[in-house]
Amino acid sequence: EPAQGGIGSIRSKPERDNVKITINNTELVLKKGDEIIYNHDGETYSSQVYAITGDDISVRYRGKNIKIKTSDVKKIY
């Protein structure tokens, strides 16, 4: 039976409300609920930030929730 992540799991990182990211040599604070422009599979998309876990940012992409890295964020509105 595969181990389920959860409370007490070593691998799971706590969800955060914000994360510091660098865009064009400028350090910015990305917050949950912000609208962002990000790159995914070589294309540019926009979405709201749904969750921040460690360095992973959860966004909506074509109707699905996906995780992107902080380096994929191109702009914060």
Side-chain angles (χ1 to χ4, degrees):
E1 184 177 320
Q4 297 295 319
I7 298 172
S9 174
I10 295 169
R11 276 187 288 163
S12 72
K13 293 180 180 162
E15 195 172 299
R16 307 194 304 204
D17 287 330
N18 57 60
V19 64
K20 282 187 181 167
I21 63 171
T22 303
I23 300 175
N24 297 332
N25 297 324
T26 306
E27 194 172 82
L28 301 166
V29 177
L30 177 67
K31 294 182 289 299
K32 195 170 159 180
D34 282 353
E35 288 280 336
I36 62 168
I37 292 177
Y38 64 94
N39 282 349
H40 182 67
D41 287 344
E43 300 283 327
T44 303
Y45 300 95
S46 66
S47 175
Q48 185 177 359
V49 174
Y50 290 98
I52 300 168
T53 310
D55 284 336
D56 292 333
I57 301 164
S58 293
V59 294
R60 187 165 303 278
Y61 160 76
R62 293 188 176 179
K64 298 185 299 246
N65 284 336
I66 62 164
K67 286 184 172 29
I68 61 169
K69 296 289 180 201
T70 52
S71 58
D72 295 327
V73 177
K74 298 301 166 205
K75 184 177 181 183
I76 304 173
Y77 291 115

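Nothing fancy with the numbering, it's 1 onward along the sequence.
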Exercise for review: For Lys74, look at atom NZ and say whether over 12 heavy atoms of other residues, nucleotides or ligands are found less than 6.0 Å away.
Suggested key: yes

Exercise for review: State which residue, out of Ile57, Thr70, Asn18, Asp17, fulfils the side chain to side chain contact (heavy atoms under 4.5 Å, CB included) condition with Leu30.
Suggested key: Ile57

Revision key, fill the gap. Per side chain to side chain contact (heavy atoms under 4.5 Å, CB included), Val73 is matched among Ile23, Val19, Leu28, Thr22 by Ile23

Considering all heavy atoms, the nearest [X]-[Y] contact:
X	Y	result
His40	Tyr38	CB-CE1, 3.8 Å
Tyr77	Ile36	CD1-N, 4.1 Å
Lys67	Ser58	NZ-OG, 3.6 Å

**Study point:** Sequence neighbours excluded - salt bridge (charged side-chain N to carboxylate O under 4.0 Å, His left out) pairs with any residue from residues 28-54
**Key:** Glu15-Lys32

Review point. Do Ile68 and Ile76 sit in the same hydrophobic cluster, where Ile, Leu, Val, Met, Phe, Trp and Tyr count as joined when their side-chain heavy atoms come under 4.5 Å apart?
Key: yes

Exercise for review: Could you work out the complete set of other residues in the hydrophobic cluster of Val29, with links drawn between I, L, V, M, F, W and Y side chains under 4.5 Å apart?
Suggested key: none

Check your understanding: Of all residues at least two apart in sequence or in a different chain, which pass the side chain to side chain contact (heavy atoms under 4.5 Å, CB included) check with Ser71?
Key -> Lys69

